[in-house]
Peer 1: 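Dropping the structure in here first, questions after.
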Amino acid sequence: MAEPILKWAGGKRQLLDELYARFPADYGRYHEPFLGGGAVFFDLEPADATVNDANPRLVNFYEQVRDRPDALVERLRSLDDPEADPDPDLPYAEETARGRSVESYYYQQRARFNRRPYEGEFDPLEEAALLLYLNRTCYNGLYRENADGGFNVPVGRYANPDWVQRDRIRAASRVLSDASLRNGDFAYVLDAAEPGDLVYFDPPYEPMSATASFTEYSAEGFDRADQTRLLEVASDLDAAGVSVVVSNSGVMYEPYAEAGFHVDVEDATRAINSDGDNRDAVDEIVATNVPPSDRRESGQSELPEF
Ligand SMILES: C[S@@+](CC[C@H](N)C(=O)[O-])C[C@H]1O[C@@H](n2cnc3c(N)ncnc32)[C@H](O)[C@@H]1O
């Protein structure tokens, strides 16, 4: 059983049992088109899978984890404490991309991460190392990009931040080597999934209210039209004989129920705000086309009474 390496908004670790209870007892390949931190995928360790995310930096990270785990760990070990002084041998020691002076090692690395796609030679291993370093040392450990695609989270306060994560990287590398990894839109599953396969969709959640934005994973966002497109893809997969499980926020209850899915409400308290003390309780739904009798845990309700 592997574990997620990154802390990612919408991480599904608390919901694993609820999701697995709706998975079919048997299926062919496993597909996860919104991978994010990959809590389900890494826990499940499928023998044959496709995984995807629209965020290119996230997918580059997983490619490096899969192909060069030891080199990545070594690169992570070469990084310094976030509170240390900026490294005089590295570029961007003096100021951030916005021209503000850099006071600590953390802000120097953040500035390097944000400038990387635009100048110099692209080093995918360095980008992957910086993504994990910033994820483990930033405030509240939440990856967030501003409108320009910059990573803008301030430094966090940790007694002993551990950004190397050697064991998790090695375990994840093993699981990823059995999967095909993609960087694109979720709709690829219409071609990739065969009858009898299982698709688990964990999209950015449709906000419960206009003020609650759950869509800040990457600069692109995910709007109502994308939610509608996803429901259509889920319905097409259903018609093609593919098992589908979808998690989303409570506002999507009716659209999925009307499309003929079994929908259940989970009462989840999720730490999604940047302020760790202010946890929004939101209704979360799990929708599926898997009939109760075909589910993994269906045997339990059919136990004879003693
Ligand atoms: C809710 S998160 C997934 C969380 C993940 N299940 C976990 O446990 O960490 C949603 C992910 O969808 C990705 N995403 C956004 N729009 C997308 C699209 N159109 N196609 C595929 N992925 C997309 C985001 O980059 C984000 O990583």
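Residue indices begin at 1 and follow the sequence shown. From a predicted model like this one, the values you see are computed outputs, not experimental measurements. First listed ligand is number 1; within each ligand, the first listed atom is number 1.
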Peer 1: Does Arg229 come within less than 4.0 Å of Asp226, counting only side-chain N to carboxylate O?
Peer 2: yes

Peer 1: By number and element, which atoms of ligand 1 are closer than 4.0 Å to a non-hydrogen atom of Gly184?
Peer 2: 20 (N), 21 (C)

Peer 1: So, using side-chain hydrogen bond (donor to acceptor under 3.5 Å, both in side chains) as the criterion, who are the partners of Ser247 when residues are at least two apart?
Peer 2: Tyr200, Asp202

Peer 1: If you measure only the distance, is there a donor-acceptor pair under 3.5 Å linking the side chains of Glu63 and Asn183?
Peer 2: no

Peer 1: At less than 4.0 angstrom from any non-hydrogen atom of Ala39, what atoms of ligand 1 do you find?
Peer 2: 8 (O)

Peer 1: Checking contacts here: is it the side chain or the backbone of Phe222 that comes within 4.0 Å of ligand 1, counting heavy atoms only? Could be both or neither.
Peer 2: side chain

Peer 1: Which of the numbered atoms in ligand 1 are below 4.0 angstrom from a heavy atom of Pro203?
Peer 2: 1 (C)

Peer 1: For atom 3 (C) of ligand 1, which of the options Asn183, Asp202, Asp223, Asp226 provides the nearest non-hydrogen atom?
Peer 2: Asp202

Peer 1: Before signing off on this row, confirm whether Ala54 and ligand 1 have an N or O atom pair separated by under 3.5 Å.
Peer 2: yes

Peer 1: If you measure every N or O of Trp8 against every N or O of ligand 1, does any of those distances drop under 3.5 Å?
Peer 2: yes

Peer 1: Using 4.0 Å as the upper bound for N to carboxylate O, is an ion pair formed by Arg166 and Asp70?
Peer 2: no

Peer 1: Please check if the side chain of Tyr105 supplies one atom and the backbone of Asp80 the other of a donor-acceptor pair under 3.5 Å.
Peer 2: yes

Peer 1: Would you please say whether a donor-acceptor pair under 3.5 Å links the side chains of Gln109 and Arg112?
Peer 2: yes

Peer 1: Measuring from the heavy atoms of Ser247, does anything fall under 4.0 Å of ligand 1?
Peer 2: no

Peer 1: Looking at Asp48 and Arg29, does any basic side-chain N land under 4.0 Å from a carboxylate oxygen?
Peer 2: yes

Peer 1: Does ligand 1 have any atom that is closer than 4.0 Å to a heavy atom of Val40?
Peer 2: no

Peer 1: Salt bridge or not between Glu266 and Lys12? Use side-chain N to carboxylate O under 4.0 Å.
Peer 2: no

Peer 1: Just jot down the ligand 1 atoms closer than 4.0 angstrom to any heavy atom of Gly37, in number order.
Peer 2: 5 (C), 7 (C), 9 (O)

Peer 1: With a 4.0 Å heavy-atom cut-off (strictly under), which part of Pro33 contacts ligand 1: side chain, backbone, both or neither?
Peer 2: backbone

Peer 1: Cationic tip of Arg296 within the cone over Tyr20's six-membered ring, i.e. under 6.0 Å and within 45° of the normal?
Peer 2: yes

Peer 1: Thinking salt bridges, do Arg57 and Glu127 make one under a 4.0 Å N-O criterion?
Peer 2: yes

Peer 1: Short N/O distance, under 3.5 Å, between Leu58 and ligand 1?
Peer 2: no

Peer 1: Out of Asn55, Asp53, Leu19, Asn52, who gets a non-hydrogen atom closest to atom 25 (O) of ligand 1?
Peer 2: Asp53

Peer 1: Between Arg229 and ligand 1, is there a nitrogen or oxygen pair with a distance under 3.5 Å?
Peer 2: no

Peer 1: Which of the numbered atoms in ligand 1 are under 4.0 angstrom from any heavy atom belonging to Gly10?
Peer 2: 4 (C), 7 (C), 8 (O)

Peer 1: State whether the shortest distance between N or O atoms of Lys12 and N or O atoms of ligand 1 falls below 3.5 angstrom.
Peer 2: yes

